[in-house]
Amino acid sequence: MGEAPVIYVENLKDRFSNGFNLRFKGFETSIDVGDKTFVIGSNNNDSISSIEVQIYDKSKGKWVIPTVLGTEPKRYEGHSAILLNEDRIMVITWGSTPDDCIWFLEVDTEYVKQQKKASGTEVVAWSKGVRGDAEKPVVISGPSGVGKGTLINMLMKEFPTMFGFSVSHTTRAPRSMEKNGVHYHFTERSIMEKDIKDGKFLEFASVHGNLYGTSTEAVEAVADSGKRCILDIDVQGAKSVRASSLDAVFIFISPPSVAKLEERLHLRGTETQEQIQKRLQNAKAEIEQGKSSGIFDHILCNDHLEKCYDDLKVTSLSNSLSECTSSFTNLDVDLVSFVFVIETPWIRRNYLN
Ligand SMILES: Nc1ncnc2c1ncn2[C@@H]1O[C@H](COP(=O)(O)OP(=O)(O)OP(=O)(O)O)[C@@H](O)[C@H]1O
Ligand SMILES: Nc1nc2c(ncn2[C@@H]2O[C@H](COP(=O)(O)O)[C@@H](O)[C@H]2O)c(=O)[nH]1
């Protein structure tokens, strides 16, 4: 950050093969990043609707097929590509809808570096271009057992480079599969109380007999990674965040019934019978507040998981995208990419400041 990015364009509007003549039957673009050439090709001449990536490692004189993470762009007629900040390639697709035409192929971001280290292979990751409202943190709230964690995991799995989870602090004991620093920062009550006094928390609440809270650092860590922050917090916490200076989108997940909630908590098997009863008692008040307090921008019912997940994606992803790109519909693609680079707050914050 701090320096304007070196932006250069290759093959913009070039509807012919770039000469690599790989196995792509559609259109190819190539972008040099350090000693690697990333070749992006779309298979639009046959039934395969995918976009493929290959890397030519100039230092080794070898072609590599990387592991591709994230959700890739859907079928389209061709694309243009621009390198941003030496770590991601902005891909503008032709023939796709205005809300689906701007994508990033992350080639050397922190996330990709981590994944390369973990897997020991070449890795690239797709993420979708977003701006405006879509940058706001997403606060997801709802009673215990409604499925918040399940839905958030689905979102993070499908869009690993777009969303980052705010890791809360809690005084409750870890469950068997939970890892410190990943699921929660597990901490002592006295330490957490001192940190709260010292102003380190954006919000905190006593939930089911334990202390839970979101540190300012947790939210900033996600923002610093260039991702959109997701908070999984209870209704009291959501109320506090609503009253804070953090501008967020608030989503309440409601259960189809308290009986279903009870069934899910039993099936999850992470709490004792007594703890489940406590959580169910609290759930009734939370459902009341969630539906009537006016805190929440969206209320989604998690009856059928897939349906609820689709609704969550619509509320947390798409509204601002269509808003921002609809005005570009009739513009030349070169101009679209230029306007997007200038206009996008995310790009401005990360590359142009
Ligand atoms: N739509 C659904 N239908 C049936 N089971 C579901 C559904 N959504 C989630 N579950 C299951 O319900 C259980 C509780 O889900 P999850 O742990 O995601 O809830 P939660 O809201 O995060 O709870 P907590 O607030 O206690 O952390 C899990 O076992 C999950 O697999
Ligand atoms: N106010 C806050 N609530 C939080 C936070 N992190 C989690 N939670 C909520 O606690 C309950 C119970 O969680 P569990 O992991 O013990 O099942 C659940 O409703 C969470 O949403 C937080 O930082 N602040």
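Keep in mind that the numbers below use all heavy atoms, side chains included, and drop hydrogens, waters and symmetry copies. When a ligand or atom number is given, it counts from 1 through the structure's own listing order.
At a threshold of 4.0 Å, the pair Lys200-Glu217 does not count as salt-bridged, since none of the basic side-chain nitrogens sits closer than that to a carboxylate oxygen.
In this structure, the side chain of Ser141 engages the main chain of Val235 through a donor-acceptor pair within 3.5 Å. Proximity of a side-chain donor or acceptor of Gln236 to a complementary backbone N or O of Ser206 within less than 3.5 Å is detected.
Sorted by chain and number, the heavy-atom contacts of ligand 1 below 4.0 Å come from Pro143, Ser144, Gly145, Val146, Gly147, Lys148, Gly149, Thr150, Arg264, Arg268, Arg279, Asn302, Asp303, Leu305. Within 4.0 Å of ligand 2, protein heavy atoms come from Gly142, Lys148, Ser168, Arg172, Arg175, Tyr184, Glu203, Ala205, Val207, His208, Tyr212, Gly213, Thr214, Asp232, Ile233, Asp234, Gly237, Arg268, Arg279.
Between the side chains of Thr170 and Arg172, no donor-acceptor pair of N or O atoms lies under 3.5 Å. Using modelled atom types and a 3.5 Å distance limit, the side chains of His208 and Asn282 yield a donor-acceptor pair.
Not counting sequence neighbours, His183 has no partner by the ring pair (Phe, Tyr, Trp, His ring centres under 6.0 Å) test. For the salt bridge (charged side-chain N to carboxylate O under 4.0 Å, His left out) test, no residue two or more places apart in sequence or in another chain qualifies with Glu288.
Taking both residues in full, the closest heavy atoms of Arg264 and Asp303 are given as NH2-O, 3.5 Å, listed atom of the first, atom of the second, then distance. What you find for Phe165 and Val222 is that their closest heavy atoms are O-CG2, 3.5 Å.
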